[in-house]
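See structure below.
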Amino acid sequence: MDVLYFAWVRERIGIPREAVETQAGTVMDLVEELRGKEERYAAAFADISALRVAVDQQLTDFDASLSGAREVAFFPPMTGG
Amino acid sequence: MDVLYFAWVRERIGIPREAVETQAGTVMDLVEELRGKEERYAAAFADISALRVAVDQQLTDFDASLSGAREVAFFPPMTGG
Amino acid sequence: MRVVVQEAPFDFGVEAAAFAEGRAVSGAVVTFTGIVRDVDGGLQAMEIEHYPGMTESALTDIAAEAKTRWSLEDALVIHRHGRLEVGEMIMMVATAARHRKDAFEAAEFLMDYLKSRAPFWKREVTADGADWVAARDEDEDALTRW
Amino acid sequence: MRVVVQEAPFDFGVEAAAFAEGRAVSGAVVTFTGIVRDVDGGLQAMEIEHYPGMTESALTDIAAEAKTRWSLEDALVIHRHGRLEVGEMIMMVATAARHRKDAFEAAEFLMDYLKSRAPFWKREVTADGADWVAARDEDEDALTRW
């Protein structure tokens with residue numbers, strides 16, 4: 001599964017994207033796995049209320065299923081316009 | 001005093017403007033005088049709820065004073081934009 | 001703040017771009033353009049009568065009122081009169097403000113007031129003749145918002 | 001309906017004029033333009049990051065949603081990414097409708113959704129460094145209107 005990071009999430013983790021081998025059932029399960037990897041992940045995911053998530057380029061919630069998902073992206077609230 | 005007519009008021013009365021000698025104290029007094037002039041005036045001013053008035057190029061009401069006024073205009077509700 | 005009343009066409013693209021150009025203070029520019037619309041497929045032209053002198057002062061007053069009500073950096077009103085064909089632009093307003101809410105609201109306010117308080121009268125010319133456009137109650141009602 | 005995401009500048013005047021040109025059905029065209037604003041006198045540039053692929057589909061979804069909610073003839077969204085200087089145009093939306101209320105509301109809706117639901121992130125570069133712009137509660141709250 002491709003995991004993408006944008007804005008300060010990307011900066012904090014240090015990479016824009018990575019391939020992750022996971023059996024995580026939901027976005028939250030994936031977050032828990034990532035938190036356990038390294039301190040910079042734990043820091044980036046410390047407060048998920050400050051984060052947004054998209055699964056296969058659709059905005060969704062942290063309890064969304066990852067069944068069949070190919071791409072998950074984490075980022076701060078958007079500031080377009 | 002110059003009296004101006006616009007849109008269908010102008011068409012009904014048949015002229016765009018005229019000089020009127022009057023001692024009318026208010027717009028309504030002037031309307032009464034004009035109504036008395038000729039049938040086409042009576043027709044144009046039959047229903048003043050369908051009319052708007054400006055005194056010296058400022059929108060106002062039919063009970064407005066004409067003291068010092070140089071120009072009075074009668075017209076239907078505006079349809080700009 | 002600029003108010004223009006003219007018979008000649010105006011160039012919407014040029015006016016809009018000039019208005020928005022190089023605004024380092026305003027973050028938000030809104031424009032509205034009114035176009036002669038062929039309502040029932042039979043419109044040949046729109047004729048717009050106005051009250052020279054009062055038109056300019058009424059539009060200037062409306063724009064000045066918008067500047068007192070919203071935090072506006074600038075405003076522009078252009079309104080044509082005379083005979084216009086279907087598809088031609090009748091008028092435009094533009095507003096510039098720091099925040100989009102001010103720019104949007106001030107533009108809507110300008111339009112609502114201009115519709116019912118600036119001395120223009122439209123006449124639709126069709127194959128059957130010409131008819132003055134009646135003022136719509138909802139245009140008058142729109143003023144109660146402000 | 002057209003959605004454009006690009007790094008290059010766009011020509012607001014040309015885009016606005018082309019959008020409004022020859023609309024015999026729509027009587028009302030509204031545009032909104034967002035410009036890089038120097039908030040406190042110290043802004044050197046704005047950097048805009050986006051999520052290629054998702055950006056286009058999110059903007060397309062937002063524009064399609066606007067067309068289901070209002071009687072819109074057409075809509076246009078252009079949004080830039082990359083580095084922009086003060087005074088440069090970040091984005092524009094345009095809406096065309098028979099009536100001005102639809103054109104105004106749909107443009108405000110597009111802006112409100114685009115602010116908080118399209119994957120763009122702004123970073124302000126000043127003499128002191130670069131900082132991500134925080135999402136404003138009032139932008140999120142604006143969505144509750146619709």
Side-chain angles (χ1 to χ4, degrees), chain A residues 1-20 22 24 26-28 30-31 34 40-81, chain D residues 3 5 32-37 46-62 65 77-81 84 89-93 107-124 129-143:
Chain A
M1 182 184 297
D2 285 325
V3 182
L4 283 67
Y5 310 110
F6 291 96
W8 61 254
V9 182
R10 172 180 54 72
E11 290 181 330
R12 205 159 294 180
I13 292 176
I15 50 174
R17 63 159 52 210
E18 61 186 318
V20 173
T22 178
T26 68
V27 172
M28 202 58 223
L30 176 62
V31 167
L34 292 168
R40 59 197 165 105
Y41 288 91
F45 288 104
D47 176 14
I48 63 163
S49 76
L51 296 180
R52 300 292 179 267
V53 61
V55 173
D56 289 334
Q57 306 194 352
Q58 292 285 332
L59 279 177
T60 186
D61 301 314
F62 282 80
D63 56 6
S65 164
L66 290 182
S67 165
R70 288 155 310 173
E71 185 173 301
V72 179
F74 296 101
F75 40 77
M78 293 149 279
T79 53
Chain D
V3 166
V5 180
F32 176 92
T33 314
I35 298 165
V36 179
R37 178 164 67 94
M46 178 81 84
E47 290 174 359
I48 302 177
E49 182 169 335
H50 80 122
Y51 183 169
M54 179 173 164
T55 313
E56 291 79 358
S57 65
L59 293 176
T60 302
D61 287 353
I62 293 166
E65 176 70 19
V77 179
I78 303 177
H79 205 303
R80 294 179 62 191
H81 58 89
L84 284 80
M89 292 181 192
I90 305 169
M91 47 74 59
M92 70 174 285
V93 304
E108 290 182 79
F109 169 87
L110 286 175
M111 284 308 304
D112 285 347
Y113 267 77
L114 192 153
K115 281 261 168 195
S116 306
R117 292 291 181 271
F120 291 101
W121 300 274
K122 290 198 187 105
R123 191 158 70 155
E124 291 176 344
D131 259 325
W132 294 100
V133 173
R136 302 189 313 165
D137 286 344
E138 62 194 88
D139 283 332
E140 187 65 31
D141 294 347
L143 300 186

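In what follows, chains carry the letters A, B, and so on, assigned in the order in which the sequence lines appear, proteins first and then strands, with residues in each chain numbered from 1.
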Exercise for review: Report yes if some heavy atom in the side chain of A:Tyr5 is under 4.5 Å from a heavy atom in the side chain of A:Leu34; otherwise report no.
Suggested key: yes

**Study point:** A:Thr79 vs D:Trp132 side-chain heavy atoms within contact, under 4.5 Å
**Key:** no

Check your understanding: Hey, is CG on A:Asp47 packed in by over 12 heavy atoms from elsewhere, all under 6.0 Å?
Key -> yes

Exercise for review: Side chain from CB out, backbone as N, CA, C, O: work out which of these in D:Arg123 comes under 4.5 Å of a heavy atom of chain A, or both, or neither.
Suggested key: side chain

Review point. So what's closer than 4.5 Å to chain D heavy atoms on A:Ala7: side chain, backbone, both or neither?
Key: both

Study note, to complete from the structure: Shortest non-hydrogen pair, A:Phe45 vs A:Ile13, comes out as CE1-CD1, 3.8 Å

Check your understanding: When heavy-atom pairs shorter than 4.5 Å are enumerated against chain A, which of D:Gly53, D:Ser57, D:Ala58 gives the highest number?
Key -> D:Gly53

Review point. Chain A heavy atoms under 4.5 Å from D:His81: which part of the residue, side chain, backbone, both or neither?
Key: neither

Review point. Chain A heavy atoms under 4.5 Å from D:Asp61: which part of the residue, side chain, backbone, both or neither?
Key: side chain

Check your understanding: Under a 4.5 Å heavy-atom cut-off, does chain A meet the side chain of D:Ile90, its backbone, both or neither?
Key -> side chain

Study note, to complete from the structure: Counting heavy-atom pairs under 4.5 angstrom with chain A, the leader among D:Arg80, D:Arg117, D:Met111, D:Glu47 is D:Arg117

Exercise for review: Quick one: closest heavy-atom pair of A:Phe75 and A:Val9, and the distance?
Suggested key: CA-CG2, 3.8 Å

Practice item. Take the angle between the ring planes of A:Phe6 and D:Tyr51 and call it parallel below 30°, perpendicular above 60°, tilted in between. Key: tilted

Review point. Counting heavy-atom pairs under 4.5 Å to chain D, which of A:Gln58, A:Arg52, A:Arg10 comes out on top?
Key: A:Arg10

